[in-house]
Peer 1: 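One structure follows; several queries about it will come next.
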Amino acid sequence: MFRKILIANRGEIACRVMRTAKRMGIRCVAVYSDADREALHVKRADESHRIGSPPAAESYLSIEAIIAAARKSGAEAIHPGYGFLSENEDFAAACKKAGIVFIGPTPEAIAAMGDKSAAKRLMEKAGVPLVPGYHGEDQSAALLENEAARIGFPVLIKPSAGGGGKGMRVVRDKKSFGGALDGARREAKASFGDERVLIERYLERPRHIEMQVFGDTHGNVLHFFERDCSVQRRHQKVIEEAPAPKFAKRAEMGAAALAAAKAIGYTGAGTVEFIAEQDGRFYFMEMNTRLQVEHPVTEMITGLDLVELQLRVAAGERLPVTQDQVQARGHAIEARIYAEDPARDFLPSTGRLVHVAFPPEARVDTGVEPGAEITPWYDPMIAKLVVHGDDRAMALGKMVAALGETHIAGVTTNVEFLRRICESTAFAKADLDTGLIERHRTELFRPRGEVPREVLAAAALAELAHEEHAAHERAGRTGDRYSPWHQVDGWRLNEESHHDFIFTASTEEHRVRVAFGDAGPRLSIDGQPHEAGSSRAETVRDGRSWHIFHEGARWTLALKEELGGPDLDAGSGSLAAPMPGRVIKLFVEPGAKVQKGDPLLILEAMKMEHTITAPADGTVKEIHYAAGEQVLEGAELIKVE
Ligand code: MV4
């Protein structure tokens with residue numbers, strides 16, 4: 001086994017790879033751009049090397065910089081993670097040339113699957129089912145149109161060079177074919193520098209189901225079952241699960257995936273992607289020659305560690321299991337948590353993570369910690385939440401709970417959106433296809449309404465508690481912990497015994513009054529008395545704002561101003577007791593010169609003695625009570641000028 005590996009990636013996948021490598025006693029080398037100096041993957045590594053400036057092209061995509069870092073560190077192998085250079089055949093070849101093991105397939109296998117059209121021809125030869133269509137070299141318009149008619153409308157024109165849905169055109173009848181072809185060619189040329197297209201029968205409600213495969217260098221190839229990744233948004237996966245629900249063709253798909261992998265002598269972790277019709281018929285789409293983002297759901301149902309297997313296979317070991325030994329147990333679901341704003345067309349949200357808390361019950365793969373920054377330079381994924389249950393319903397229940405306990409502040413996230421998907425009837429029924437989000441957009445994107453009163457109440461009480469705590473801190477510093485100058489609960493300086501808070505949340509404005517009585521605080525919200533409810537809320541302070549996590553939603557309330565609170569920096573004035581009590585000692589007489597902090601009198605209330613001190617240097621003008629006298633709430637005790 002390797003003694004030291006370099007991870008040519010960042011974020012959660014770099015941390016994920018390191019977790020397994022460290023468990024196996026392998027030393028880990030991180031690489032980082034200037035934007036990632038403080039990143040978690042750098043902290044988690046045994047050693048780290050700077051590879052360039054923030055743009056990926058100048059760092060994480062720089063083959064030379066990464067090979068140089070590997071040489072310098074003495075790493076024997078490089079794990080590419082996903083994205084960046086993971087499917088770059090030149091990188092795999094450069095590693096080989098440098099005498100470093102690329103933890104992945106051969107450059108030839110990467111190349112064979114990189115050309116999507118050539119891959120389909122190869123798969124056709126290997127007997128892997130393809131969508132009925134045409135993917136030949138002859139690109140004359142007349143021939144393509146004839147092929148479309150032969151396949152039968154609707155058809156889909158796809159760029160040969162592209163994946164990911166870019167430049168695809170649905171054509172519903174023969175007369176629109178010519179125009180659509182011209183458009184598809186122009187877009188393919190602009191996007192991929194290659195105007196060749198292929199034509200397929202258009203599937204109206206396809207599912208995305210993919211098979212995890214693994215090959216070793218001894219000729220063994222296994223599959224680790226399928227994942228359903230149908231819940232996507234603009235070709236970005238949102239939720240993935242394993243096994244695929246309501247899917248009866250696992251064995252056939254497994255056999256097809258093995259045939260695909262064997263056809264190219266595949267080694268390492270790979271994924272064979274299929275599109276499946278609602279009745280289960282499936283067709284090869286493409287093969288990803290890397291570890292996938294969603295690999296954890298496969299790990300959760302099989303109990304295998306795919307990174308460990310990658311390392312073993314790359315080191316020349318045999319796969320440690322046979323196909324029969326790989327069993328699927330239960331159901332796993334993964335949700336991708338992104339720093340993005342669903343209300344703003346999923347615009348990435350950058351900034352510092354003020355607060356990050358994940359549920360202990362879920363597997364959380366993340367590359368960030370509280371205080372980390374989400375920068376505009378890279379993919380804004382914050383974490384992957386993965387749950388496992390005996391069946392899909394149990395896993396789904398766990399996911400809903402886990403999303404509700406995922407509390408992130410500082411950036412906007414898709415957590416609530418994910419929860420809505422998980423709570424939707426379509427997803428609960430596993431009525432899956434790639435159009436699920438679009439079809440249910442009214443339900444999934446409905447506005448969430450006004451700030452709940454419970455949330456406003458929680459914010460007001462949290463702010464009050466915070467101010468009280470801050471007052472005690474100040475009192476602690478000035479040596480008089482019980483001075484009412486430093487209290488915000490019952491003691492007021494010529495003020496009423498309540499606090500008013502005005503909170504704003506986007507266009508809303510609410511006033512919360514907290515009044516103090518013998519039985520504890522009483523709240524009123526926008527003039528209406530508020531009874532504390534039974535729901536729980538977590539509060540996180542962020543400057544003059546509060547983030548309130550309540551029933552799966554996050555609300556951010558800005559404190560507009562505070563009315564009726566004590567002026568803690570009061571230089572002079574009168575001192576009033578907003579709670580009833582008794583003066584038990586006087587330290588001064590009228591006319592006495594006092595210095596800031598001098599004790600003036602002691603008041604006893606609620607079984608506690610409170611020493612009242614001078615707020616500033618000055619002269620005692622009036623004393624309204626003698627020792628032993630009862631004091632009513634709000635009464636002015638003493639006046640200092
Ligand atoms: C299709 C299709 C329907 N019919 N092919 C989109 C990405 C590309 N890799 C393949 N894609 C599709 N190919 C035929 N013949 C629908 C899609 C498709 C899709 C596929 C998988 C996952 C999400 C998708 C979202 C929209 C369209």
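Because only heavy atoms are used, hydrogens play no part in the values below, and waters and symmetry mates are left out as well, while side chains stay in. In each ligand, atom 1 is the first atom listed, and ligand 1 is the first ligand listed.
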Peer 1: Out of all atoms in ligand 1, which are within 4.0 Å of some heavy atom of Tyr202? Include the element for each.
Peer 2: 3 (C), 4 (N)
Peer 1: Please list, in number order, the atoms of ligand 1 under 4.0 Å from a heavy atom of Met285.
Peer 2: 9 (N), 10 (C), 21 (C)
Peer 1: Check ligand 1 against Glu286 and write out every atom of the ligand that is under 4.0 Å from a heavy-atom position of the residue.
Peer 2: 9 (N)
Peer 1: Is the closest side-chain heavy-atom distance between Leu304 and Glu299 below 4.5 Å?
Peer 2: no
Peer 1: Hey, are Tyr283 and Glu277 close enough side-chain-wise for a donor-acceptor pair under 3.5 Å?
Peer 2: yes
Peer 1: Are Arg439 and Asp433 ion-paired here, with the side-chain N under 4.0 Å from a carboxylate O?
Peer 2: yes
Peer 1: Minimum distance, heavy atoms only, to atom 1 (C) of ligand 1: which one of Leu156, Leu130, Ile151 is it?
Peer 2: Leu156
Peer 1: Backbone or side chain, does any N or O of His235 fall under 3.5 Å from an N or O of ligand 1?
Peer 2: no
Peer 1: Parallel, tilted or perpendicular: which describes the rings of Phe445 and Phe346, with under 30° parallel and over 60° perpendicular?
Peer 2: perpendicular
Peer 1: Decide if the gap between the ring center of Tyr60 and the ring center of Tyr378 is smaller than 6.0 angstrom.
Peer 2: yes
Peer 1: Give a yes or no on whether a salt bridge exists between Glu294 and Lys237, defined as a side-chain N under 4.0 angstrom from a carboxylate O.
Peer 2: yes
Peer 1: May I ask you to check if ligand 1 and Met168 share an N or O to N or O distance below 3.5 Å?
Peer 2: no
Peer 1: If the cut-off is 4.0 Å to any non-hydrogen atom of Ile275, which atoms of ligand 1 fall inside it?
Peer 2: 1 (C), 5 (N), 14 (C), 20 (C)
Peer 1: At less than 4.0 angstrom from any non-hydrogen atom of Lys158, what atoms of ligand 1 do you find?
Peer 2: 1 (C), 5 (N), 10 (C), 13 (N)
Peer 1: I'd like to know if the side chain of Glu87 pairs up with that of Thr289 as donor and acceptor (distance under 3.5 Å, no hydrogens or angles considered).
Peer 2: yes
Peer 1: Using the rule given for ring-ring contact (aromatic ring centres under 6.0 Å, His included), can you reason through Phe224 versus Phe214, listing the C-alpha separation, both sets of side-chain angles and the distance that settles it, and then say yes or no?
Peer 2: CA-CA 8 Å; Phe224 299 154; Phe214 236 101; 5.6 Å; yes
Peer 1: For atom 4 (N) of ligand 1, which candidate among Ile209, Ile437, Leu203 provides the closest heavy atom?
Peer 2: Leu203
Peer 1: Do ligand 1 and Arg201 have nitrogen or oxygen atoms that lie under 3.5 Å from each other?
Peer 2: yes
Peer 1: With heavy atoms of Thr434 as the reference, note each atom of ligand 1 found under 4.0 Å away.
Peer 2: 19 (C), 21 (C), 22 (C), 23 (C), 24 (C), 25 (C)
